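Heads up, the thing below is written out as structure tokens.
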Amino acid sequence: MTRERLYLFDTTLRDGQQTPGVDFSVEDKITIASLLDEFGIDYVEGGYPGANPTDTEFFTKKRTSRSKFVAFGMTKRAGVSASNDPGLATTLQSKSDAVCFVAKSWDYHVRVALGCSNEENLEGIRASVEAARAAGKEAMVDCEHFFDGFKANPGYALACARTAYEAGARWVVLCDTNGGTQPSEVRAIVEKAIAAGIPGKNLGIHAHDDTGQAVANSLAAVEAGVRQIQGTLNGIGERCGNANLTTLVPTLMLKPAYAGRFATGISAEQLAGLSHLSRAFDELLNRAPEPQAPYVGASAFATKAGIHASAIMKEPQTYEHVPPETVGNRRRVMVSDQGGKANFLAELKRRGIAVPRDDVRLDALISVVKEREAQGYAYEGADASFELLARKMLHGLPEFFRVTSFRCMVERRFDANGHLKTVSEAIVKVLVDGEEKMSVAEGHGPVNALDLALRKDLGKYQGEIADLELADFKVRILNGGTEAITRVLIESHDGTGARWATVGVSENIIDASFQALMDSIVYKLMKNRDMAGLVAAE
């Protein structure tokens with residue numbers, strides 16, 4: 001049976017850039033376009049040439065080798081010919097392979113937003129598509145607000161889509177711009193669009209996630225007949241985001257309901273790089289990856305309950321809907337106070353730590369972990385700290401250095417200009433090879449000052465931690481009050497791109513932070529010597 005081809009369209013660099021807090025530089029866009037190109041995405045939409053200096057510069061060159069490079073633009077303005085519209089000219093002159101025009105398909109928007117007649121809007125769609133084809137570009141039209149427009153005036157919404165198709169648009173994309181349409185509605189409306197004479201092989205879907213159903217709506221549209229899917233990496237986008245391609249792609253490729261009927265341009269080898277792509281993108285955005293993201297999240301194939309871990313050790317598919325390796329992820333059997341011996345054995349084996357099941361040291365480790373978790377430690381979210389504890393109790397840890405003392409001071413005072421300032425200073429004494437070193441540092445808060453002082457002079461190990469950076473710092477008060485037990489989780493990364501998490505617990509937030517900082521540095525030194533499992537560093 002011949003499978004039908006589905007085409008994947010990424011709009012991370014255009015629609016995704018509308019995410020609050022996201023602002024790509026030209027260099028960022030080049031890097032992301034390269035990642036998408038290498039992954040096998042069919043269309044990479046790069047932005048709106050002429051809208052801002054970044055996008056204008058980005059479109060001075062073709063930025064993909066395999067993927068079609070797409071410029072976004074408006075249809076021509078009413079009352080101006082296509083040849084005299086400067087915005088249209090800028091879009092068509094860009095170094096793109098294709099042009100995606102956004103067009104109003106809801107008569108309410110035509111009247112309110114464009115301020116022109118319905119007929120003038122249709123003429124703008126037709127003339128813009130024809131101009132793009134004349135310029136040698138593949139043309140496509142995003143029918144903005146199509147589903148809301150169809151519900152308000154089905155005849156006009158269909159007229160907009162049909163005009164784009166009859167003018168020669170390769171793709172007519174039906175957009176759920178406000179993100180409020182339900183999957184059953186998407187399916188029914190797509191079927192009506194096809195029945196109205198627009199072939200499914202020329203239809204696309206662009207879904208927003210305002211009801212949490214962008215992926216479901218995209219799949220419903222595919223089942224109804226569309227053959228292009230638009231979305232973004234990790235589902236970024238304005239408001240609640242866009243359809244998440246890192247969820248859609250593996251669903252289409254690994255689930256029999258779709259894999260048996262459809263083919264994409266992505267190979268199994270490329271799919272195995274999905275988790276790396278997702279995490280590399282988060283790293284570029286300087287944000288922590290979402291642990292519970294489908295397929296690619298650190299918890300996507302994690303098991304905590306002891307009975308589940310025991311079953312997974314026998315047959316992984318008992319609690320896994322797809323093999324984690326297919327998307328470049330891994331199985332995690334987590335250690336916690338809810339876990340049994342099977343959890344610990346699985347995690348120790350994964351880290352290359354050999355211990356017999358009946359070894360009394362293993363029983364001691366399990367007992368210590370459960371006791372510490374009762375005190376507030378959370379090893380399920382701090383893999384590196386667990387590994388250091390396990391190695392120390394089972395086989396011993398090298399002592400790279402020893403902190404003999406530390407002191408932290410916070411002073412709130414007025415400076416010479418009368419401005420109120422808070423200054424944090426830390427002093428750390430470290431013993432390295434029998435030589436005591438004292439380091440002093442000021443920082444943005446006591447924890448930052450302590451971190452800087454601790455890493456200021458580790459003697460012969462100093463060069464090894466030059467690329468160590470703290471990526472995230474989380475504080476949790478466990479039992480209320482200013483004297484409460486505090487848990488600190490720190491996520492670190494280095495120049496290899498590896499990330500690991502450490503934990504500290506104390507009645508003193510500074511002491512808890514220091515424990516986590518110490519574990520992070522020791523883990524880094526262990527990792528540099530291939531003495532730490534890569535499982536904890538991803």
Side-chain angles (χ1 to χ4, degrees), residues 2-11 15 41-43 45 68 70 72 75 98-106 121-122 125-126 128-129 132-133 137-151 153-179 181-208 213-232 242-243 245 248-249 251-252 257-258 261-265:
T2 303
R3 295 184 298 166
E4 289 187 75
R5 181 74 153 85
L6 292 178
Y7 294 85
L8 301 169
F9 183 109
D10 183 276
T11 182
D15 215 343
I41 295 294
D42 296 294
Y43 294 91
E45 187 177 53
K68 289 188 177 180
V70 184
F72 178 82
T75 55
V99 174
C100 183
F101 294 109
V102 60
K104 303 294 185 184
S105 56
W106 186 358
N121 182 51
L122 294 176
I125 295 172
R126 182 195 61 76
S128 299
V129 170
R133 296 190 65 200
K137 310 281 189 183
E138 181 176 319
M140 57 191 86
V141 174
D142 276 4
C143 290
E144 192 179 35
H145 296 285
F146 180 82
F147 293 95
D148 289 322
F150 184 94
K151 285 181 274 189
N153 185 340
Y156 187 70
L158 289 171
C160 293
R162 192 182 300 108
T163 296
Y165 170 66
E166 292 175 351
R170 168 64 182 91
W171 294 106
V172 179
V173 183
L174 311 182
C175 302
D176 185 28
T177 310
N178 287 349
T181 309
Q182 301 302 295
S184 58
E185 294 177 302
V186 168
R187 181 192 293 270
I189 292 172
V190 168
E191 288 173 348
K192 289 175 181 177
I194 294 173
I198 309 166
K201 65 183 178 65
N202 294 96
L203 284 175
I205 180 69
H206 179 109
H208 283 257
Q213 297 181 101
V215 168
N217 280 341
S218 299
L219 293 173
V222 168
E223 290 167 359
V226 309
R227 295 298 175 256
Q228 187 206 79
I229 305 172
Q230 296 195 0
T232 60
N242 289 45
L245 287 179
L248 277 164
V249 171
T251 298
L252 293 169
Y258 303 103
R261 295 178 56 197
F262 305 111
T264 70

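Owing to the predicted nature of the structure, the values given are computational and were not obtained by experimental measurement. Below, each value reflects all heavy atoms present in this structure, side chains not excepted, and no hydrogens, waters or symmetry copies.
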Salt bridge present between Arg126 and Glu166 (N-O < 4.0 angstrom): no
statement: In terms of heavy-atom contacts, Ala157 and Gly149 come closest through CB-C, 3.9 Å
- request: Could you tell me which non-hydrogen atom of Ile41 sits nearest to which non-hydrogen atom of Leu8, and how far apart they are?
  value: CG2-O, 3.5 Å
field: Taking every non-hydrogen atom, the tightest pair across Gly168 and Val129
entry: C-CG1, 3.8 Å
statement: Tightest non-hydrogen contact, residues Asn217 and Thr181, listed as ND2-O, 2.9 Å
- request: Count the heavy atoms belonging to other residues, nucleotides or ligands that lie under 6.0 Å from CZ of Arg162, then report whether that count exceeds 12.
  value: yes
- prompt: Stepwise, does the side chain to side chain donor-acceptor pair (under 3.5 Å) test hold for Gln230 with Thr11?
  reply: CA-CA 7 Å; Gln230 296 195 0; Thr11 182; 5.5 Å; no
- request: Walk me through it: do Asn121 and Cys160 pass the test side chain to side chain contact (heavy atoms under 4.5 Å, CB included)?
  value: CA-CA 8 Å; Asn121 182 51; Cys160 293; 3.8 Å; yes
message: Under the criterion salt bridge (charged side-chain N to carboxylate O under 4.0 Å, His left out), I'd like the reasoning laid out for Glu138 against Arg133: C-alpha separation, chi angles, the key distance, then a yes or no.
response: CA-CA 6 Å; Glu138 181 176 319; Arg133 296 190 65 200; over 6 Å; no
field: Trp171/Tyr7 aromatic ring centres below 6.0 Å
entry: yes
Flag, side chain of Ser128 to backbone of Thr75, donor-acceptor distance under 3.5 Å: no
- prompt: Only one of Lys201, Arg261, Arg227 forms a side-chain hydrogen bond (donor to acceptor under 3.5 Å, both in side chains) with Glu4, so which one is it?
  reply: Arg227
- prompt: Can you list the steps and then say if Val99 with Val70 is a side chain to side chain contact (heavy atoms under 4.5 Å, CB included)?
  reply: CA-CA 5 Å; Val99 174; Val70 184; 5.9 Å; no
pair Glu45-Cys100: side-chain heavy atoms closer than 4.5 Å: yes
- prompt: Do Asn202 side-chain atoms and Arg170 backbone N/O form a donor-acceptor pair below 3.5 Å?
  reply: yes
Val102 vs Val141 side-chain heavy atoms within contact, under 4.5 Å: no
- prompt: Just wondering, do Arg3 and Phe262 contact through their side chains at under 4.5 Å, heavy atoms?
  reply: no
- prompt: Picking from Thr251, Leu248, Leu245, what satisfies side-chain contact (heavy atoms from CB on, under 4.5 Å) with Val215?
  reply: Leu248
query: Can we say Asp42 and Arg5 salt-bridge, meaning some charged N sits less than 4.0 Å from an Asp/Glu carboxylate O?
result: yes
- request: Can you see which heavy atom on Gly225 is nearest to which on Ile194, and at what distance?
  value: CA-CD1, 3.8 Å
- prompt: Please walk me through it: do Lys104 and Glu144 pass side chain to side chain contact (heavy atoms under 4.5 Å, CB included)?
  reply: CA-CA 5 Å; Lys104 303 294 185 184; Glu144 192 179 35; 2.8 Å; yes
query: Should Phe101 and Asp142 count as side-chain neighbours, where that means a heavy-atom distance under 4.5 Å?
result: no
task: To the nearest 0.5 Å, tell me how far Cys175 SG sits from Asp15 CG.
output: 8.5 Å
statement: Between the CD atom in Glu185 and the CZ atom in Phe150, the distance rounded to the nearest 0.5 Å is 11.0 Å
message: Quick check: do Tyr258 and Leu219 have side-chain heavy atoms less than 4.5 Å from each other?
response: yes
Rounded distance (nearest 0.5 Å) linking atom SG of Cys143 with atom CG of Leu158: 9.5 Å
message: Between Phe147 and Val190, is there a side-chain heavy-atom distance shorter than 4.5 Å?
response: yes
message: Would you compute the distance between atom CG of Leu203 and atom CD1 of Ile229 and round it to the nearest 0.5 angstrom?
response: 12.5 Å
- request: Evaluate the ring planes of His208 and His206, with Trp represented by its six-membered ring, and classify them as parallel (under 30°), tilted (30 to 60°) or perpendicular (over 60°).
  value: tilted
query: Which pair of non-hydrogen atoms, one from Ala220 and one from Pro183, has the smallest distance, and what is that distance?
result: CB-O, 3.7 Å
- prompt: Are Val173 and Ile205 side-chain neighbours, meaning at least one heavy-atom pair lies under 4.5 Å?
  reply: no
- request: Take Gln228 and Met140 through the side chain to side chain contact (heavy atoms under 4.5 Å, CB included) test and state the conclusion after the steps.
  value: CA-CA 11 Å; Gln228 187 206 79; Met140 57 191 86; 4.0 Å; yes
